[in-house]
K.L.:
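Have a look at this one before I ask anything.
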Protein chains: 10
Amino acid sequence: MLFLARMDVTFPESLTDEQVTEFQAREKAYSGQLQRSGKMVGLWRIVGEYANHSLFEVDSNDELHQILSGFPMYAYMKIKVTALAKHPNSLG
Amino acid sequence: MLFLARMDVTFPESLTDEQVTEFQAREKAYSGQLQRSGKMVGLWRIVGEYANHSLFEVDSNDELHQILSGFPMYAYMKIKVTALAKHPNSLG
Amino acid sequence: MLFLARMDVTFPESLTDEQVTEFQAREKAYSGQLQRSGKMVGLWRIVGEYANHSLFEVDSNDELHQILSGFPMYAYMKIKVTALAKHPNSLG
Amino acid sequence: MLFLARMDVTFPESLTDEQVTEFQAREKAYSGQLQRSGKMVGLWRIVGEYANHSLFEVDSNDELHQILSGFPMYAYMKIKVTALAKHPNSLG
Amino acid sequence: MLFLARMDVTFPESLTDEQVTEFQAREKAYSGQLQRSGKMVGLWRIVGEYANHSLFEVDSNDELHQILSGFPMYAYMKIKVTALAKHPNSLG
Amino acid sequence: MLFLARMDVTFPESLTDEQVTEFQAREKAYSGQLQRSGKMVGLWRIVGEYANHSLFEVDSNDELHQILSGFPMYAYMKIKVTALAKHPNSLG
Amino acid sequence: MLFLARMDVTFPESLTDEQVTEFQAREKAYSGQLQRSGKMVGLWRIVGEYANHSLFEVDSNDELHQILSGFPMYAYMKIKVTALAKHPNSLG
Amino acid sequence: MLFLARMDVTFPESLTDEQVTEFQAREKAYSGQLQRSGKMVGLWRIVGEYANHSLFEVDSNDELHQILSGFPMYAYMKIKVTALAKHPNSLG
Amino acid sequence: MLFLARMDVTFPESLTDEQVTEFQAREKAYSGQLQRSGKMVGLWRIVGEYANHSLFEVDSNDELHQILSGFPMYAYMKIKVTALAKHPNSLG
Amino acid sequence: MLFLARMDVTFPESLTDEQVTEFQAREKAYSGQLQRSGKMVGLWRIVGEYANHSLFEVDSNDELHQILSGFPMYAYMKIKVTALAKHPNSLG
C-alpha cells in the first residue's frame with residue numbers, strides 16, 4: 001500500500017551545528033534502513049527547499065505512522081501524507 | 001531529471017459520456033506509451049480524487065512541457081509540477 | 001485501517017430535480033450497503049453544508065478508492081481523505 | 001450532540017523533555033477519563049502529524065468548550081471544531 | 001446554544017429576475033418566522049457582499065442543520081458555522 | 001453602527017503565569033466597562049479556541065480602533081473586523 | 001469615515017458585448033455621481049486586473065452598503081471592504 | 001521600470017476551436033510586437049500550465065496596464081503583477 | 001505613478017518598551033517627511049490591526065523600494081505592494 | 001534550462017548586525033560569481049520585501065539545488081522554484 005509524503009524540516013535556532021550534524025547522521029542511518037527494508041521506496045529532495053517527497057510501501061496506516069514518527073528529526077518536521085491507489089493507466 | 005506532477009481533471013458538463021470514454025481511452029494509450037518509453041516512471045491515483053501523482057524522467061523542462069501538454073485531456077487538467085533532485089540520503 | 005473522508009457535493013445546474021432525487025436515492029442505497037458491510041463505519045452531515053464527514057474501515061488504499069469512486073454522485077463530489085492511525089491515548 | 005475536532009499540538013522549545021513527558025501523562029489520564037465518561041467517543045492519530053481527529057458527544061457548546069479547554073496541553077493546541085448533525089443516509 | 005453563521009449567496013445565471021425576486025420573498029418570510037420564533041437572534045448584511053452574518057439559538061446541531069437547510073435559497077448558499085460558548089468576560 | 005470582530009490571542013512564551021493572570025483580570029475589567037457603556041454589545045468564546053467573536057456598536061471607525069487598540073492584551077491579539085449593515089430581512 | 005474597497009468584476013459568458021458596453025456606461029455614470037457627491041474619494045485600476053481599489057467617505061456602514069449595492073455591475077462584482085481609521089502619523 | 005507578470009489563461013467552453021486558434025494567432029502577433037518594441041523583455045511558459053511568466057519594461061503603471069489589457073485574450077486571463085526593483089547584488 | 005501598500009508590523013519580543021517608543025518616534029518623523037515631500041499621499045490605520053494602508057506617488061519602482069526599505073521599522077514590517085493605474089471612470 | 005525562483009529571507013532575532021552584514025557580503029560575492037558564470041541570469045528585488053525573483057540557467061535539477069542550497073543565507077531563505085519552458089510566442 002503506497003503513500004506519498006512531503007516532509008518539511010525546520011530546525012529551531014537553539015540547536016547547535018553539532019546537534020544538527022548529529023541529527024542528520026541519525027536521519028541518514030534511519031532512512032537508509034527504511035530503504036533497505038523496502039518500506040521507503042522513493043526519496044527525493046524538493047529543489048530549493050529543506051524538504052523531501054518520499055514514497056512508502058507499508059501494510060497499514062499504523063505502520064506508516066510508526067515509521068514517520070520514528071524519524072530522528074520528527075519533532076522538527078511538518079509531514080503531509082497522501083494515500084495513493086493503483087492508477088488504471090499504470091503499467092507498473 | 002525527475003519531476004513530480006499532480007494532475008487534477010475536471011470535465012466540463014458539456015462533454016457526453018461517449019466523449020469522456022473516448023478521452024479516457026486516448027489518455028490510457030498516451031500514458032502507456034510514455035511509460036514504455038521510460039518518460040513517465042510513476043503513476044498513481046490519489047485516493048478519492050479524480051487526480052494523480054506522477055513522476056517524469058526527462059531531459060529538460062521543454063521536454064516535460066511537451067509531454068504534459070500532449071495529454072489528450074490536457075485542456076481539462078490542472079497540473080502542478082515540482083522539480084526533484086537527488087536526496088543525500090537516497091540509496092537509489 | 002481507518003480513514004476520515006470529507007465529501008462536498010456540488011450539483012451542476014443542468015441536473016433536473018428528478019435526476020437529483022434519483023441520485024440521492026441511489027446514494028442512500030449505496031451508503032446503506034457500505035454501512036451494513038462494515039466498510040463505512042461513520043457518516044455525519046456537516047451542519048449547514050451539503051457535505052459529510054465519514055469514516056471508512058478498509059483493507060487497503062485501493063479498496064478505499066474503489067469504494068469512494070463507486071458513489072453514484074462521485075462525479076459531483078470533492079473528496080479529501082485523511083489516513084488515521086491508532087492514538088496512544090485511545091481506549092478503543 | 002456530536003462534534004468533530006482536529007487538534008494540532010506544538011510544544012514551545014523551552015519545554016524540557018521531562019515537562020513534555022509529564023504533559024503527555026496528564027493528557028493520557030484526561031482523555032482516558034473523557035472516553036470512560038462517554039464524552040469523547042472517538043480519538044485517532046492523523047498519520048505523520050502530531051495531531052488528532054476526535055469526536056465529542058456533549059450536551060452543549062459550553063460543555064464542549066469546557067472539555068476542550070481542560071486538556072492539559074490546551075495552551076499548546078490549535079483546535080478546530082466542526083458541528084455534526086445526523087446524516088439522512090446514516091443507519092446509526 | 002449559540003452559533004454564528006456566515007452565508008454567501010450565489011445565484012446561477014439561469015435564474016430569471018422573477019425567480020430571484022420570488023426566492024427573496026420566500027427568504028424574507030422564512031427568516032422572519034425564524035426571528036419571531038427566537039431561533040434566529042441576529043441577522044446582518046456584510047457590507048458590500050451578498051452575504052450575511054447571523055446568530056442562531058438552537059437546542060441541537062440537528063435543529064440548526066434543519067433550520068439552515070430549510071432556507072429557500074439554501075441550494076445557492078455557502079454556509080460556514082461556528083460554535084459559540086459563553087465568554088467568561090461576558091456580562092450577558 | 002455595528003462591526004463584528006474576531007480576536008485571536010497568542011501569548012508569548014516569555015510571559016509568566018502571573019502576568020497572564022494580570023492581563024486577564026485587566027481584560028475582564030476593560031470588556032466589562034465596554035459592555036456597560038453599550039459599546040460592546042456581544043461577546044462569545046469560539047469553542048475550542050483562545051478567541052472570541054464580538055459585536056461593537058460605535059459611532060465611527062476611529063472610535064472602534066480606539067476601543068480595540070485599548071484592550072490590555074491588544075499586543076497579543078490578531079483582530080479581524082467586518083463592517084455590518086442592516087439586513088433587509090432583519091426584524092430587529 | 002473612510003473605507004477601502006477592492007472590487008473584482010467577472011462578467012458571465014452569457015452577456016453580449018452590447019450588454020457589457022451598456023453596463024460600463026451606467027457604471028461610469030454612477031461612479032461619476034459618487035465622486036461628485038464626495039462619497040467616492042478615490043478610484044484606481046489595479047494594474048493587469050479587471051478590478052479596482054477605491055476609497056469611500058461615508059456616514060455609516062448602512063450608507064456604504066447602499067452605495068456599493070447600487071453599482072450597476074454589483075451582481076458581477078466581488079467586493080471586499082476594509083474599515084480605515086486615522087493614522088497617528090498622518091498629516092492629513 | 002521592470003514588472004514580473006504571471007498570466008493564467010482559461011477559455012470558456014463556449015469558444016469554438018476556430019475561435020481559440022484565432023485568439024492564439026492574434027496573441028502571437030501582439031506579443032511579438034511587444035517584444036520587438038522592447039516592452040516585453042521576457043516570456044516563458046510555466047511547465048504543465050496554460051500560463052506564462054513574463055517581464056515588462058515600461059515607463060509607468062498606466063503604460064503597463066494599457067499593454068496588459070490590450071492582450072487579445074485579456075478577458076480570459078488572470079494576471080498578477082509584481083513590481084521589481086534593482087537588486088543590490090545584481091551585476092546587470 | 002501610484003502604488004497602494006499594506007504594511008503589517010510585528011515587533012519581536014526582545015524589543016524593550018523604550019526601543020518600541022523610539023522606533024515609533026523615528027517612524028513618525030520619517031513618514032511625516034515622506035508626506036511633506038509628496039511621496040506618501042495617503043496613510044490610514046486598518047481598524048483593529050497594527051497595520052496601515054498607504055498610497056505612494058513615485059517616479060519608479062526603485063524609488064518606491066528605496067522609500068519603503070528606509071522605514072525605521074522596515075525589518076519588522078511585512079509589506080505588500082499593488083501597482084495602480086488611472087481608472088477610466090475616475091474624475092481625479 | 002530555465003527556472004524562476006522566489007527567495008524570501010527572514011533572519012532570526014539572534015543574529016547580530018555584524019553577522020547580518022557578513023552574511024550579506026558573502027551573499028553578494030556568491031551571487032556575483034553565479035552571475036558571472038552565467039548560471040544566474042536575472043536577479044531583482046521585489047519592491048517592499050526582503051525577497052527576490054531570480055532566473056537560473058542550469059543543466060539539471062541537481063545543479064539547481066546545489067546552487068540554491070549553496071547560498072550563504074540559505075538557512076534563512078524560503079525558496080519556491082518554478083520550472084520554465086520555451087513559450088511559443090517568445091522571439092528570444
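Residue numbers begin at 1 in each chain, while the letters A, B, ... track the order of the sequences.
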K.L.:
Identify the heavy atoms of F:Gln35 and E:Leu91 that sit nearest to each other, and give their distance.
P.N.:
OE1-N, 2.8 Å
K.L.:
Please output the residues of residues 54-73 of chain F in contact with chain E, using a heavy-atom cutoff of under 4.5 Å, in numerical order.
P.N.:
F:Leu55
K.L.:
May I ask you to list the residues in residues 23-30 of chain E that approach chain F closer than 4.5 angstrom, counting heavy atoms only, ordered by number?
P.N.:
E:Glu27, E:Lys28
K.L.:
Can you tell me how far CG of E:Asn89 sits from OG of F:Ser31, rounded to the nearest 0.5 angstrom?
P.N.:
4.0 Å
K.L.:
Mind checking whether E:Leu4 and F:Trp44 have side chains closer than 4.5 Å, heavy atoms only?
P.N.:
no
K.L.:
Which answer fits F:Ile46, side chain, backbone, both or neither, if we ask what part of it has an atom under 4.5 Å from a heavy atom of chain E?
P.N.:
both
K.L.:
Just to be sure I understand the criterion: a residue of residues 78-85 of chain F counts if one of its heavy atoms is under 4.5 Å from a heavy atom of chain E. Which ones qualify?
P.N.:
F:Thr82, F:Ala83, F:Leu84, F:Ala85
K.L.:
To the closest 0.5 Å, what do you measure between NE2 (E:His53) and NE2 (F:His87)?
P.N.:
11.5 Å
K.L.:
Among all residues two or more places apart in sequence or in another chain, which pass the salt bridge (charged side-chain N to carboxylate O under 4.0 Å, His left out) test with F:Arg45?
P.N.:
none
